[in-house]
Amino acid sequence: MNISKKMQDAFNAQIAAEMWSSNLYLQMSCWFRKEGWKGFSSWMYKQAEEERQHAMDMAQFVLHRGGEVLLTSIDAVKTSWTDAKEVFIETLAHERKVTDLINKLADVADEEKDRASQNFIAKYIDEQVEEEKNVQDILDSFSHLESHAIAHIDSKLEQAR
Ligand SMILES: [Fe+2]
Ligand SMILES: [Fe+2]
């Protein structure tokens with residue numbers, strides 16, 4: 001085994017977290033579809049596939065290092081939301097939590113002086129920057145639209161003076 005037990009266990013925990021993320025985004029995708037938001041639904045479906053791919057990728061890495069992959073039960077995810085904006089607010093909060101988990105995984109790789117794991121985890125550190133940015137961009141679009149709507153009411157009142 002070229003991977004320490006501690007590093008292996010940390011990866012197994014992260015694999016479970018990625019699978020939980022995948023379930024969360026699949027559930028969000030299905031909720032969006034039910035609400036009639038097709039674009040949001042397909043965006044979330046893609047995220048669900050990506051998270052599952054992260055779990056598969058990590059499992060392959062553990063196996064290639066001669067470690068053992070042990071899947072655990074996955075907690076249930078939330079199943080309904082108030083509106084689209086709430087979904088993205090929660091998505092950003094979730095991705096920030098995942099960023100913390102990835103950073104902790106990197107800490108374990110540092111403690112174990114495991115260079116292969118450090119290298120492997122580096123792309124997930126980059127990935128989290130990208131994912132947080134993408135969700136923030138969507139939330140910014142919501143804010144801009146709200147400002148636009150408020151400006152519209154303002155100009156209507158101005159004309160009615
Ligand atoms: Fe992920
Ligand atoms: Fe993610």
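What you see is a predicted model, and the numbers here were worked out from it, not measured in a lab.
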Please report the shortest heavy-atom distance between [X] and [Y], naming the atom on each side.
| X | Y | result |
| --- | --- | --- |
| Met28 | Met44 | SD-CE, 3.7 Å |
| Phe40 | Ala84 | CE1-CB, 3.7 Å |
| Gln8 | Gly67 | OE1-CA, 3.5 Å |
| Trp81 | Lys78 | CH2-O, 3.2 Å |
| Gln14 | Val98 | NE2-CG1, 4.3 Å |
| Leu26 | Ala48 | N-CB, 3.6 Å |

Does the side chain of [Y] come within less than 4.5 Å of [X]'s, by heavy atoms?
| X | Y | value |
| --- | --- | --- |
| Val62 | Met58 | no |
| Met56 | Gln60 | no |
| Val129 | Asp126 | no |
| Phe61 | Ser117 | yes |
| Lys46 | Ser42 | no |
| Trp31 | Glu35 | yes |

Hey, any chance [X] and [Y] share a hydrophobic cluster, counting ILVMFWY side chains that come within less than 4.5 Å of each other, even indirectly?
| X | Y | value |
| --- | --- | --- |
| Phe32 | Tyr45 | no |
| Val108 | Ile125 | yes |
| Val77 | Leu101 | no |
| Met7 | Leu70 | no |
| Leu24 | Leu92 | yes |

*When Ser4 is tested against each of Glu111, Arg65, Glu112 for side chain to side chain donor-acceptor pair (under 3.5 Å), which residue passes?*
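So the option named by the test is Glu112.
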
Are [X] and [Y] close enough that a side-chain donor and a side-chain acceptor fall under 3.5 Å?
| X | Y | answer |
| --- | --- | --- |
| Gln128 | Thr99 | yes |
| Glu51 | Gln47 | no |
| Asp114 | Gln118 | no |
| Thr79 | Gln27 | no |

Quick check against the 3.5 Å criterion: does [X] have a side-chain atom that pairs as donor or acceptor with the backbone of [Y]?
| X | Y | value |
| --- | --- | --- |
| Asn12 | Val69 | no |
| Ser22 | Glu18 | no |
| Ser41 | Ser29 | yes |

To the nearest 0.5 Å, what is the distance between [atom1] on [X] and [atom2] on [Y]?
| X | Y | atom1 | atom2 | result |
| --- | --- | --- | --- | --- |
| Thr91 | Glu131 | OG1 | CD | 10.5 Å |
| Ile3 | Leu63 | CD1 | CG | 9.5 Å |
| Trp37 | Asp83 | CH2 | CG | 9.5 Å |
| Ser80 | Glu86 | OG | CD | 8.5 Å |
| Asn103 | Asp110 | CG | CG | 10.5 Å |

*Just do the side chain to side chain contact (heavy atoms under 4.5 Å, CB included) check on Ile121 and Phe11 with the steps written out, would you?*
CA-CA 10 Å; Ile121 295 162; Phe11 268 113; 3.9 Å; yes

*Could you go step by step and tell me if Arg52 and Asp57 meet the salt bridge (charged side-chain N to carboxylate O under 4.0 Å, His left out) rule?*
CA-CA 9 Å; Arg52 185 168 174 276; Asp57 191 30; over 6 Å; no

*Evaluate whether atom NZ of Lys156 has more than 12 neighbouring non-hydrogen atoms of other residues, nucleotides or ligands under 6.0 angstrom away.*
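At most 12 heavy atoms, drawn from other residues, nucleotides or ligands, come within 6.0 Å of this atom.
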
_Within 6.0 angstrom of Lys123 NZ, more than 12 heavy atoms from elsewhere_ =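 Atom NZ in Lys123 is packed in, count exceeds 12.
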
*From CA spacing to verdict: side chain to side chain contact (heavy atoms under 4.5 Å, CB included), Ile74, Asn23*: CA-CA 9 Å; Ile74 312 288; Asn23 279 3; 3.9 Å; yes

*Parallel, tilted or perpendicular: which fits the ring planes of Tyr25 and His94, with parallel below 30° and perpendicular above 60°?*
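Answer is perpendicular, since the angle exceeds 60°.
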
*Ion pair present between Lys104 and Asp100, side-chain N to carboxylate O less than 4.0 angstrom?*
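No, no charged N to carboxylate O under 4.0 Å.
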
